Amino acid sequence: MSNNLTSRKEDYSKWYNDIVKKAGLAENSEVRGCMVIKPYGFALWENMRDVLDRMFKETGHQNAYFPLFIPKSFLSKEAAHVEGFAKECAVVTHYRLKNDPNGGGVIVDPEAKLEEELIVRPTSETIIWSTYKNWIQSYRDLPLLINQWANVVRWEMRTRLFLRTAEFLWQEGHTAHATKEEAVAETEQMLEVYAKFAEEYMAMPVIRGVKTASERFAGAEETYCIEAMMQDGKALQAGTSHFLGQNFAKAFDVKFADKDNKMEYVWATSWGVSTRLIGALIMAHSDDEGLVMPPRIAPLQVVIVPIYNKDAEARQKIDNTAADIMRALRAKGISVKFDNDDTTRPGWKFAEHELRGVPVRIALGARDLENNQVEVARRDTKEKASYQLDGLTDAVAQLLDDIQQNLYNRALQFRAEHTTKVDSWDEFVKVLDEKGGFVAAHWDGTPETEEQIKEKTKATIRCIPLNNEQEAGVCILTGKPSIQRVLFARAY
RNA sequence: CGGGAAGUAGCGCAGGCCGGUAGCGCAUCUGGUUUGGGACCAGGGGGUCGCAGGUUCGAAUCCUGUCUUCCCGACCA
């Protein structure tokens, strides 16, 4: 059996690219740095989106939509913010084309220059806060809890499908609060929503933490994050939630009258996850045979593959049984497809659905039906077993739960095995080079040391875990005193 | 944006030094036989060789430019 997939061991990057393309998730487009998300990949995104959207609404948020274009002057109102994004912005300078008088197709009409250039949003804080100014007058208007699903553009120099593309899809929540405490609570609540989504739906354990000052979002007071570990031992930031303090309120003059009729600046948060989660999902679970989808987020949970022979009567019986199974599974809310395409043979279908990561495969042929059973294969372990038709629906539902749990446990164990406490510089470098993963080490708390460690090892501080154990020690680089270990890793 | 590699049929590649009517495998189409881990036989179709210039009687091949992708650096969700 050969699926022409590069193995993880051989070349991890190539394996990742092969999976994305061959499983039909996405492909590179004609536009530099941009991808086409194909139907299977988009179905996955839709599932993620639907679950998250429900979670946002359960926590009191509403969706809205703000413009793709941001006047250039808006971006410069918050100093740290513009500093952070200026280097990767696409800029609209003209609004019209015309025929090239020299006959070379169309050219930008030099007469149609915009008075003020428009920035294609790299994130929407500025346009949103300039709007919120008009929406907020009194404490009665607070909290303002808005989310938007949108595309954003960051002109990246080096791109990788899903992990880093010039344009990507995401959601960005933007909230305004009367007090600092409330805004911090919102930031933490949304981080927990992300963590829950990653762990319970994507079966991907994450570390909840806060970023150091140098890794902080441009314009934030504090950036909270969830960090996941990929199978090559590299870390991946899977979601962020920012406490923005009053920075944007001050930059855009967003004040409210409190109960004592005093004018106060509002407190803000923003939080987002993107199609990058798809990259995380792939690298957390998939194997050399292809994708492995966690059942709770899989576009397709069960596929039924018929094994026909020449006997037309048996064929009819297979079709009938498959229809019965499908009806019963669907009644339980399980997505299922009967792959009765007559142009490919069973072996082809097995390999194809493994490549696409369908969690459960049910095969049925004449031989099974004689015994009132089907063959059930699970994608995570590749185990096959015969199941009685009687009680099959419940058994499959149970199996999907088992797979979900097994994927989580497997990833959790991998992370545990690849998290190392280190107390010396030599050991630090050695672990990073030979083992990878998270390295828990003491750091003196200064950006200078952090920067030096990054230069020497390419490892960054992924986060300071929430509720981190306080433990006196000395910095692995400088030997200065430290109060706690932080998590280092090489990262995507 | 610097250093390296590559772009030839839907996919994977050969041909290129040494210029002379574009080839292989898979896929696809037709017919038939098949179906429990990527079936077999026979016949057929499909390419302005990434794009634009140049050299030449003649360019996939030589030259120049340009675009895109991949790998390695600087930057980032």
Side-chain angles (χ1 to χ4, degrees), chain A residues 1-6 11-14 16-18 21-22 27-35 83-89 104-105 122-123 152-172 194 211 214-218 223 225-228 235-242 270-280 289-290 305-311 314-315 318 339-355 361-370 373-375 377 382 384 386 454-455 458 460 462 491-492:
Chain A
M1 176 175 58
S2 157
N3 54 23
N4 299 318
L5 211 61
T6 308
D11 186 339
Y12 196 83
S13 295
K14 198 156 189 292
Y16 175 82
N17 282 329
D18 281 358
K21 288 177 186 163
K22 291 185 176 166
E27 60 190 32
N28 285 302
S29 70
E30 305 294 309
V31 186
R32 181 195 176 87
C34 296
M35 66 178 163
E83 167 83 21
F85 286 104
K87 282 170 286 184
E88 49 184 15
C89 286
T123 179
V152 288
V153 168
R154 297 181 186 176
W155 214 259
E156 299 291 347
M157 297 181 182
R158 216 172 130 189
T159 60
R160 290 194 64 191
L161 291 166
F162 291 118
L163 297 174
R164 180 164 298 110
T165 46
E167 179 192 13
F168 57 94
L169 304 184
W170 78 346
Q171 61 64 220
E172 45 181 327
Y194 290 154
K211 289 292 188 188
S214 60
E215 296 275 330
R216 208 171 276 157
F217 174 74
T223 286
C225 62
I226 52 172
E227 291 284 329
L236 186 139
Q237 179 177 305
T240 50
S241 181
H242 314 290
S270 70
W271 27 274
V273 294
S274 70
T275 38
R276 187 180 222 208
L277 286 176
I278 294 174
E289 262 65 58
V305 177
I307 309 211
Y308 296 128
N309 55 25
K310 280 186 280 191
D311 185 348
R315 186 188 179 102
I318 290 168
D339 187 359
N340 63 344
D341 178 357
D342 220 8
T343 63
T344 56
R345 296 164 78 254
W348 167 271
K349 292 174 183 170
F350 291 174
E352 188 62 18
H353 292 117
E354 276 165 13
L355 177 61
R361 179 187 73 230
I362 297 175
L364 75 160
R367 222 157 64 203
D368 297 302
L369 293 184
E370 281 167 20
Q373 63 185 31
V374 293
E375 181 194 81
K382 307 264 279 304
K384 291 192 273 199
S386 289
K454 186 180 174 184
E455 272 177 34
K458 291 180 197 162
T460 49
R462 299 320 302 158
Y492 279 97

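What you see is a predicted model; the values in this text were computed from it and never measured. Lettering of chains follows the sequences in order, A, B, ..., and the numbering in each one begins at 1.
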### Task
Could you measure between the two P atoms, the one in B:G54 and the one in B:C49, and give it in whole Å?
16 Å

### Closest to side chain of A:K458, choosing from B:C75, B:G73, B:C71
B:G73

### Summary
With the side chain defined as heavy atoms from C-beta on, A:N17 is closest, among B:A77, B:C70, B:G38, to B:C70

### Message
Suppose we screen for salt bridge (charged side-chain N to carboxylate O under 4.0 Å, His left out). Which residues come up paired with A:E27, at least two apart in sequence or across chains?
### Response
A:K38

### Query
If we call it a pair only when both distances are under 3.5 Å in a Watson-Crick or G-U wobble match, what pairs with B:U61?
none

## Note on the structure
pair_partner(B:U21), Watson-Crick or wobble, both distances < 3.5 Å, evaluates to none

### Task
Mind telling me whether A:Y194 and A:W271 have parallel, tilted or perpendicular rings, with 30° and 60° as the class edges?
perpendicular

### Query
Can you tell me the Watson-Crick or wobble partner of B:C70, both distances under 3.5 angstrom?
B:G4

### Message
Taking the C1' atom in each of B:A14 and B:A60, what is the distance between them to the nearest angstrom?
### Response
12 Å

#### Entry: Whole angstrom value for the distance that separates C1' of B:C75 from CZ of A:R160
16 Å

### Task
Report the residues that fulfil side chain to side chain donor-acceptor pair (under 3.5 Å) with A:E375, sequence neighbours left out, ordered by chain and then residue number.
none

### Task
On RNA chain B, check which nucleotide each of A:K454 and A:R367 is closest to and give me the residue with the more 5' one.
A:R367

### Touch class at under 4.0 angstrom, heavy-atom based, for A:T165 against every strand present
base

### Query
Got a donor-acceptor contact below 3.5 angstrom from the A:S29 side chain to the A:C34 backbone?
yes

### Query
What distance, rounded to whole Å, do you find between the two P atoms, one in B:A5 and one in B:C62?
15 Å

### B:G3 and B:U21, which share atom name C1', separated by this distance in whole Å
40 Å

### Task
Remember a base hit wins even if backbone is also touched, and classify A:A366 as base, sugar-phosphate or nothing at under 4.0 Å, heavy atoms.
base

### Query
What's the CD-P distance between A:E215 and B:A77, to the nearest Å?
8 Å

### Message
When the P atoms of B:G10 and B:G37 are compared, how many Å lie between them, rounded to an integer?
### Response
33 Å

#### Entry: Mate of B:U30 where both pairing distances stay under 3.5 Å, Watson-Crick or G-U
B:A42

### Message
Taking B:G65 as the reference, what is the distance to B:A74 when you measure between their P atoms (whole Å, please)?
### Response
28 Å

## Note on the structure
Taken to the nearest whole Å, CG/A:D339 to P/B:G37 is 16 Å

### Query
Considering residues at least two apart in sequence or located in another chain, which fulfil the side chain to side chain donor-acceptor pair (under 3.5 Å) criterion with A:R462?
A:E227, A:T460

#### Entry: Backbone N/O of A:K14 and side chain of A:N17: donor-acceptor pair under 3.5 Å
no

## Note on the structure
A:N28 CG to B:C70 P, in whole Å, measures 5 Å

### Task
Sort and list the pairs that fulfil salt bridge (Lys or Arg N to Asp or Glu O under 4.0 Å) and have at least one residue in residues 339-349 of chain A, not counting sequence neighbours.
A:R315-A:D342

### Distance, rounded to the nearest Å, where A:L163 contributes CG and B:C71 contributes C1'
16 Å

### Task
Check every strand shown and say whether A:S13 touches a base, only sugar-phosphate, or nothing at a heavy-atom separation below 4.0 Å.
sugar-phosphate

### Summary
By the Watson-Crick or G-U definition, both distances under 3.5 Å, B:U48 is matched with none

### Base B:G36 to side chain A:D368, donor-acceptor N/O within 3.5 Å cut-off
yes

### Query
With both distances under 3.5 Å as the test, what is the Watson-Crick or G-U wobble partner of B:G16?
none

### Query
So which nucleotide from B:G37, B:A77, B:U35 ends up closest to the side chain of A:I307?
B:U35

### Query
Can a side chain N or O of A:R315 be found less than 4.0 Å away from OP1 or OP2 on B:U35?
no

### Query
Under 4.0 angstrom, heavy atoms only, what part of the nucleic acid is A:S274 near: base, sugar-phosphate, or nothing?
base

### Query
With distance as the sole test, does A:R276 use its side chain to make a donor-acceptor pair with the main-chain N or O of A:L163 at under 3.5 Å?
yes

### Task
Assign A:F168 to base, sugar-phosphate, or nothing according to its heavy-atom contacts below 4.0 angstrom with the strands shown.
base

### Query
Under a 4.0 Å N-O cut-off, is there an ion pair linking A:E354 with A:R361?
yes

### Task
Considering only atom P, compute the distance from B:A39 to B:U35 and round it to an integer number of Å.
12 Å

### Nearest listed nucleotide, side chain of A:E354, among B:C71, B:A77, B:G37
B:G37

### Task
Would you indicate, yes or no, if B:C11 has its OP1 or OP2 atom less than 4.0 angstrom from a side-chain nitrogen or oxygen of A:K21?
no

### Separation between the C1' atoms of B:C13 and B:G32, rounded to whole Å
31 Å

### Task
For A:R154, check salt bridge (charged side-chain N to carboxylate O under 4.0 Å, His left out) against everything at least two apart and list the hits.
none

### Task
Take the protein atom NZ of A:K382 and the nucleotide atom C1' of B:G37, then report the distance between them rounded to whole Å.
11 Å

Identify each atom pair where a protein N or O and an N or O of nucleotides 32-34 of chain B are less than 3.5 Å apart, giving names and distance.
from	atom 1	to	atom 2	distance (Å)
B:U34	OP1	A:K310	NZ	3.2

### Query
Just how far, in rounded Å, is C1' of B:A74 from CD of A:E156?
13 Å

### Query
Does A:R158 or A:A363 map to a spot on RNA chain B nearer the 5' end, using the closest nucleotide for each?
A:A363

### Message
Students often get this wrong, so: under 4.0 angstrom with heavy atoms, is A:G33 touching a base, only sugar-phosphate, or nothing?
### Response
sugar-phosphate

### Query
Tell me: NZ of A:K14 to P of B:U69, nearest whole Å?
17 Å

